[in-house]
Amino acid sequence: MDARNSALLGFDPTDIGDVITAMYAMISGPPGPRDWALHEALFLPEARQARTGVDGDGRPWIQIMSLEDYRRDTAPFFAANGFYEIEIARRTELFGNMAHVWSSYEARRSPEDVEVERRGINSIQLYRDDSGRWRIYSMIWDNEREGLALT
């Protein structure tokens, strides 16, 4: 785990809130590589991450990525840009060994930026294994745009 995430050394993987907080810490930081070992620890190996949006004609699109696809897709952006995704609201639903987290976020280029670059929602599904550890099974997100806003 790199120094940027050193505060997470004591995070509790049996606590859904800690897992979500660690996920945000993993993708946030100054320009440079992210903590991909933490990425693998938070997500199941077969997990999927999906970015959604609309094209210039208003047609929906989706990009579904494995963990490796996500790292490959985002590494050039993270290498060149500061990116801080900050959770602003959370709703968690739990049933047995599965959980669904609706997590609203704001993204900025630095923690001090007043201007928000984007806002949106992460829909995160988690699985609790036999040790009680929560891991992310899938995550899909969409950003605000004209006609679509957080309430």
- Query: Just checking, any donor-acceptor pair under 3.5 angstrom between side chains of Glu112 and Ser110?
  - Reply: yes
- Query: Cluster question for you: counting only ILVMFWY and a side-chain heavy-atom cut-off of under 4.5 Å, with indirect links fine, are Trp141 and Ile124 together?
  - Reply: yes
- If you round to the nearest 0.5 Å, how far is CE of Met65 from CZ of Arg72? 11.0 Å
- Message: Less than 4.5 Å apart, side chain to side chain, heavy atoms only: is that true for Arg90 and Ile20?
- Response: yes
- Report the relative orientation of the aromatic rings in Phe77 and Phe83; use parallel for angles under 30°, tilted for 30 to 60°, perpendicular for over 60°. perpendicular
- Residues in salt bridge (Lys or Arg N to Asp or Glu O under 4.0 Å) contact with Asp130, at least two apart in sequence or another chain: none
- Message: Once rounded to the nearest 0.5 Å, what's the spacing between atom CD of Gln49 and atom CE of Met139?
- Response: 5.5 Å
- Task: Just jot down the ring-ring contact (aromatic ring centres under 6.0 Å, His included) partners of Tyr105, sequence neighbours excluded, or say none.
- Result: none
- In one Ile/Leu/Val/Met/Phe/Trp/Tyr side-chain cluster, 4.5 Å: Trp36, Val19: yes
- Query: Is the closest side-chain heavy-atom distance between Ile27 and Phe78 below 4.5 Å?
  - Reply: yes
- Using a 4.5 Å cut-off on heavy atoms from C-beta on, say whether the side chain of Pro31 contacts that of Asn81. no
- According to the salt bridge (Lys or Arg N to Asp or Glu O under 4.0 Å) rule, which pairs have a member within residues 37-49, sequence neighbours left out? Glu40-Arg71
- Item | Gap between atom CZ of Arg51 and atom CD1 of Ile64 - 0.5 Å precision | 12.0 Å
- Could you pull out all residues at least two apart from Leu150 that satisfy side chain to side chain contact (heavy atoms under 4.5 Å, CB included)? Ile88, Ser104, Arg119, Ile121, Glu144
- Arg135: partners by side chain to side chain contact (heavy atoms under 4.5 Å, CB included), with sequence neighbours left out: Leu44, Pro45, Arg133
- Query: Can Gln125 and Val101 be said to form a side chain to side chain contact (heavy atoms under 4.5 Å, CB included), step by step?
  - Reply: CA-CA 6 Å; Gln125 294 73 45; Val101 176; over 6 Å; no
- Item | Approximate separation, where rounding is to 0.5 Å, of Thr21 OG1 and Met26 CE | 12.5 Å
- Query: Side chains of Ser28 and Glu85: do they bring a donor and an acceptor to under 3.5 Å?
  - Reply: no
- Euclidean distance, Glu115 CD relative to Glu106 CD, rounded to 0.5 Å: 11.5 Å
- Message: What verdict does the ring pair (Phe, Tyr, Trp, His ring centres under 6.0 Å) test give for His39 and Tyr70, after you've listed the backbone C-alpha separation in whole Å, the side-chain angles of each residue and the deciding distance to 0.1 Å?
- Response: CA-CA 10 Å; His39 187 233; Tyr70 177 81; 5.4 Å; yes
- Message: Just verifying a value: how many Å separate Ile136 CD1 and Met23 CE, rounded to the nearest 0.5 Å?
- Response: 5.5 Å
- Task: Sequence neighbours left out, what passes side chain to side chain contact (heavy atoms under 4.5 Å, CB included) with Arg145? Give chain and number order.
- Result: Val54, Asp142, Leu148
- Taking 4.0 angstrom as the limit, do Asp113 and Arg109 come out as a salt bridge? no
- Message: Strictly distance-based, threshold 3.5 Å: is any side-chain N or O of Arg34 a donor or acceptor partner for the main-chain N or O of Ala75?
- Response: no
- Heavy-atom donor-acceptor pair, Asp57 side chain to Arg59 backbone, under 3.5 Å: no
- Heavy-atom side-chain contact between Tyr24 and Asn122 under 4.5 Å: yes
